[in-house]
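Quick notes on the structure that follows.
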Amino acid sequence: MYKIAKENLSALFQKIAGEQELYLPVNISGQVNFAAWTEDANVDLDTLKSVKSPKDAFFPQSENLYTVTKEDKKTKIEPEALKNQNFVVFGMKACDVKGVEVLDKVFLADPVDTFYAARRAHGTIVVMACHEPEETCFCKVFGVDCAEPVADVATWMVEGELFWKALTEKGEALTKSVESLLVAADGSDEAKVEAERCAIRAIVEKLPYSDLSLEGWNGDVLLDKFNSPIWEELYKPCLACGTCTFVCPTCQCYDIKDYDTGHGVKRYRCWDSCMYSDFTMMAHGNNRTSQMQRFRQRFMHKLVYFPANNDGMYSCVGCGRCVEKCPASLNIVKVIKAFQNQGGEN
Amino acid sequence: MSIETNEEFRPKIVAFCCNWCSYAGADLAGSSRLAYPADVKIIRVPCSCRVNPMFILRAFEKGADGVILCGCHPGDCHYSTGNFYARRRMTLLFSMLDYIGVENGRTRVEWVSAAEGVKFSQTMNEFVEKIHSLGKNVRLGDLRCKN
Amino acid sequence: MSHVNKVDQIKEISGVNPLKCMKCGKCSASCPSFNEMDIKPHQFVSYVQNGDIESLVNSKSLWKCLSCFACVERCPRDVKPGKLIDAARQLVVREKGQTYLSPDEVPELLDPETPQQLLVSAFRRYRR
Amino acid sequence: MQELINRAKELLESGEVARVLGWKAGDLPYNPEPAYFEKAEDLKDFVYNGFCGANLSKYMIEASKLEGKTMVCLKPCDTYSFNQLIKEHRVDREKAYIVGVGCKGKLDIEKAKKLGIKGIESVSGAEMTDDCDTLTFQTIYGEKSVAYADVMLERCHVCKGKEHQVYDEIIGESKDTKDAERFAEVEKIEAMSPEEKFAYFQSELSKCIRCNACRNVCPACSCRKCVFDSTKFDSAQKANVDSFEEKMFHVIRAFHVAGRCTDCGECSRVCPQGIPLHLFNRKFIKDINEFYGEYQAGEDTDSRAPLTNYTFEDVEPSIVTERG
Amino acid sequence: MQRIGVFVCHCGSNIAATVDVKKVVEMAAKEPGVVHAEDYQYMCSEAGQAKIAAAIKEKNLTGIVVCSCSPRMHENTFRGAAERAGLNPYMVEIANIREHCSWIHKDVEEATKKAVILARAAIAKVNLNTPLKPGESRVTKRALVIGGGIAGIQTALDIADAGYEVDIVEKTPSIGGRMSQLDKTFPTLDCSACILTPKMVEAAAHEKITIYTYSEVEKVSGFVGDFTVDIKKKARYVDANKCTGCGVCQEKCPSKKSLSEFNRGLNTRSAIYTPFAQAIPNVPVIDTEACIKMKTGKCGICSKVCQAGAVDYEQKDEIITEKYGAIVVATGFDTIKLDNYDEYAYNQSKDVITSLELERVMNAAGPTKGHLERLSDGKHPKEMVFIQCVGSRCADNRGKSYCSKICCMYTAKHAMLIRDKYPDVNVTVFYIDVRTPGKNFDEFYRRAVEDYGVNYIKGQVGKVIPQPDGKLLVQGVDLLDNKQILKEADMVVLATAIEPNPDVRKIATMLTASIDTNNFLTESHAKLRPVESPTAGVFLSGVCQGPKDIPETVAQAGAAAVKAIGLLAKDKLLTNPCTAKADELLCNGCSTCANVCPYGAISYEEKEVNDHGIRETRRIAVVNSALCQGCGACTVACPSGAMDLQGFSNRQIIAEVDAICR
């Protein structure tokens, strides 16, 4: 394990960014989101959650797939180049990393999404333990330990020092490249980190959502849940916006569209939301015609369909972003609880 | 001729002209051989009130450097009231563009009657000159269209 | 200084476009100094148009014009021959160089016969 | 709040209304959600406090299609939206029993979090019966008190007044919360150089994730299908690229609601990225007031909106350049 | 996918000299959807149209683009050609590469580049065109003529003779107009009244003609074939049905100090008056500002002396609403005000008069009973000076930029008449140019010079200086002698510029007819459609369109009548199919569009729709395509984009924008 004083972090970032792209939480106009590091970027490691999850480091909100150009009446297709440069995502949280694992299930399964795969291959993740988890957090429910995060490099911020532990080959390589700025940690440092772990876990226990139960949510209950009348009640305040989807670290749906640049057509994909009325619009119309159906889809997918297809892995990681950001104060916790209460009553 | 030289800035200018007054004014400018730069391309619309602010933003998005809307003089609209609505819409749109920091000479409204070939040509000459002084539109263009 | 240049200069100083003249003669009809002039006001316009600045500059008319601006006021075509004459004078004065009068010298040179209007217009034109 | 619940019970039980549209307590102290109550006993979850910021007018579009009347709780500012929806034939006045609820200013939990309050377990001081001067948060990390006004939504600082524009009855007290000039922020931007303006909006709009929350919450954006969702215009891009998309979306959206926007502030309240979207709408309102005379959308249900009106003497668009 | 043909016209050298038409063909052929491209000398010629027809048939074209002159010129030609070849006429788009390109650019490369872009935009548009079918609207078989001068009378007579009802609306108490104020007419020297009065009588007597004098058009709505007009009949205070026209009231009226409008204010009239003896109708009106009864409540003499009991002080203005299929504007002219021309001393001396005033002086019914005398002292003049182009042909803001056209001829007429009647009077005419094109016109002018000894001087008058002895000192110039002239005159006559009747602006606005900077109504095409306004169903007669003499006015009046008759003869009109249409699945029913529709063409229906499987009843906008004129105001007002304009749809315009900005 290594450590680095907080005030030396900018030197560290400069050093990393000198060799590869570096994405980290940056405050832009009052909001913290992952962005590329620049000399004058307002880096913010204290805010617990970025507004958007850092998933777009691997699965950008929009990315070009290929360009079609026309010469006379012949068309030419030029695929977009795959990511071929290494990059570092610094400051992801344990839940965010878990989110990437969920995305891996989708994009790295056969047929492999080459765009995603290339980014994953070139990306090194530096994860940070959550110093002060908040009331909206429920990662514990999904088996995430925010005190002991796992990625290429794991870090802890304790009393003005960042403790640094490489966990993978990629992590080692990154560590090597910045070694000159790191100081080797000793036994007392190990103790400090351990104390931090304990503190974090103690807080997690106190969080209001920590006792949330996922009992009864698995692939077997598909029809029961699907046909439940509860959905009719739950969806009503939903505005059909895509906030939950776009801040979510695991939502992976995208739309493929064309953009006429005047010199050719760029085919790109961009995040889509199952909450949108035109989601999966087809020639005959839409397969989900009501907001209730769309609302149900989102949670059924996360809590039933996805685990059914992925060895019980839920596609929710308990980051709590939707809890914070839903304009109508709806969220996955309320859904889970609603079914729980009903279960109790029956 | 498909190769554009970078030496000289040739602005792309879209002029929306109402069918009854301004398009006819442009025709008169033509038949009177009153020259104005070829950068101006005219789109015929039935009335200035047909021009949706979206068209103007669209033009900028796709690479236009200036957009001008010409219609009948207030009170002379072929449809009586069309240009009055257009006037309010454009006033608010232009004010908004100014507000978000788009140079406020890139858009213009001019009332040109069917008899004002001279005014049409003068207006276009002035407008092109103005756009030249402002240079390329970078604030409203879509990066994807620039290549 | 070439003739072409002088023509342009006169046009520029006066702001007059001689091509707009329709040769109605209202300038000459209005001119109080008409009979003193060798080149008549309406001819001034055609002289400029034809580029014959030398004749203009050497004419008596140049100094007979009172700058009363009746022709400027009445010209229906906005041609304003008075301005051309003024401009031609300006040319001559410029060519001569800095031979201006100082205001103190003026009273001595005054002739009781000099029309007041001439003085006023002279000041108007040459005060700068 | 109890008065509200009692009245709602009465109305439900008498059959005068078929349902009540209000707020239901959330699972956190600050996240009540808009909810329908059809049975008197469900009203146990009914809540109305400082966190009930949502404007329920828009829900009345759907509620108007349902059988029977709906009792809807509208705050003073919400009633402007309701009037505007009546004007546009989007809601049915006859289908609504409007209870004008008092308002002492609504809260923005994001502001509390910006003040460093986290791990919230409970909040006190935000009930309608409270004075709404101080808010006290019990958190995992200790107790924190802040001035109520410091956590208030932006729109409450420039409140249009606590008078309901349309209602059947009024329940609960209100408190004046206006302590800022409505157009001060707009004026500040107007005074900037074009470069500063552009940089400001570029920085704000680049945060936009096109989640459409602003649009979907907006009572003026009540279109069955938005032009940005329609394939008819080739404008449905959904892309989030650092270029033109966001400007186009937000400028056009603001334009579409110009003269119809009541300045209810919901767009800014719901934006997950904290973009001050009201600054677009308020600019149009300010311009309309200056160019065409004072106009407040939603003040009535029959006046001609500024963009469907004109006078011969209207200012020319060149005013934009002339005023510098 | 469309199959588009592109046809590039050389227009002789009009286009081909500046635009490389072959290049345009080559570039257009590469555009999407284009399956055929060719160029030809004159596309609008029979052979050119045949080429288009052949290509449509051979290549199975679904749309065509003609790169040629303005669509305002030949759009209809090419639409017709397409239709005859079996293609819907609305599948034709024009790229205007003449007026908007070849005629204004000199550089071939630049002009060609632009022509290619214009063609590209038209191709992009036609790719999205859909076949449209015109609707039908009815034609009200009645015409309205605004103005009762010679132009209006002639138009009305011609229309009425063809068997259609015509209403004439005249602002003054009598029809007759300017011509009734003239003494003699050039170039034949007929007495004006002698040739006008029979026409007035004929109009009044015609069973198909209704004359509303002392009336004004208040409001116009509707469109070609179906105008609705409100006419305000101002109160005359005399019952036209009872009045016998005996004239006693006018004789007895004690208020006789009002200036006579008919005599250009040169003498006075009574408060109850008919403007002139031959007035039609011969029914007096009461000038409320001069009438003692109206002002003080006392008097009432006219009522007492009226045997027929026709005087009615209680009469009120009346609004008549009538429907018309066609409207002819014949609002005529007036002379300009001379307040800006101090140098001619018009406001200082009574002996400086305008030519129109001279007409009244020369007329036997005029203020001097037809004797030529000075208005200041009644003395017979010896020296008369005529000044031409007063306020005409001016580049400054004092006068008018145009030539008033009639002055040269009437001045020759005046000079000749004076020399004929009073050989002792010397007549001098100061002129800039003498313009006498027209049948027998120059001969007329030469007679004035050669047979009547009128002294024409090439030059202008700079100043007219009234002398203490009442004479007028005229300071002018003879440019041919290069001499300044000082001449004492007894009278000076100013050939004052004419301008359209100032009321025409109001009328044009009501009719949505366009007007030029000089307030003349704009014709649809300067050469080919000189009597039609660009507004369908509105025609132009007389000086309201531009300066004209009587024969020209009468000719144009007839032409306008023929155009109106041609319209009235139709039972139905095909309406413009480029109308608005609401997409019922997108419509919110919010009424915003109806608020901006100038024609009241939008209404709302509760309609059941099937929105992708959801069936519900919705309030939906419905456009009446017979009323819709296709302005498009609703399309922009509509927030959801449900309202679109056929032929100028959102997508079509966006496609053009994209093509241009590419």
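Quick note: numbers below take in every heavy atom, side chains included, and nothing from hydrogens, waters or symmetry partners. Sequence lines set the chain letters: A, B, ... in the order given, protein chains first and strands last, and positions in each chain run from 1.
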* **Residue pair E/Asn595 / D/Thr308: nearest heavy atoms and the distance that separates them** => CB-CB, 3.9 Å
* Heavy-atom closest pair, residues D/Cys223 and E/Asn588 -> SG-ND2, 3.1 Å
* **Residues of residues 86-94 of chain D near chain E, each having a heavy atom less than 4.5 Å away** =>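 The list, in residue order, reads D/Lys87, D/Glu88, D/His89, D/Arg90.
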Is atom [atom1] of [X] surrounded by more than 12 heavy atoms (other residues, nucleotides or ligands) closer than 6.0 Å?
X	atom1	value
E/Lys30	NZ	yes
D/Tyr167	OH	no
D/Lys95	NZ	yes
D/Glu67	CD	no

* Asked: Between D/Arg304 and chain E, which part of the residue has a heavy atom less than 4.5 Å away: side chain, backbone, both or neither?
  ->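 Contact with chain E involves the side chain of D/Arg304 alone.
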* **Per-residue contact mode, E/Cys587 against chain D (heavy atom under 4.5 angstrom)** =>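 For E/Cys587, the contact with chain D is made by the backbone alone.
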* Asked: Are D/Arg260 and E/Pro639 side-chain neighbours, meaning at least one heavy-atom pair lies under 4.5 Å?
  ->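 Yes, close enough: below the 4.5 Å cut-off.
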* D/His256, D/Lys65, D/Arg224: which one forms the most heavy-atom pairs within less than 4.5 Å of chain E? ->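 Option with the greatest count: D/Arg224.
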* Structure fact -> OG of E/Ser640 to CG of D/Asp229, rounded to nearest 0.5 Å, is 12.0 Å
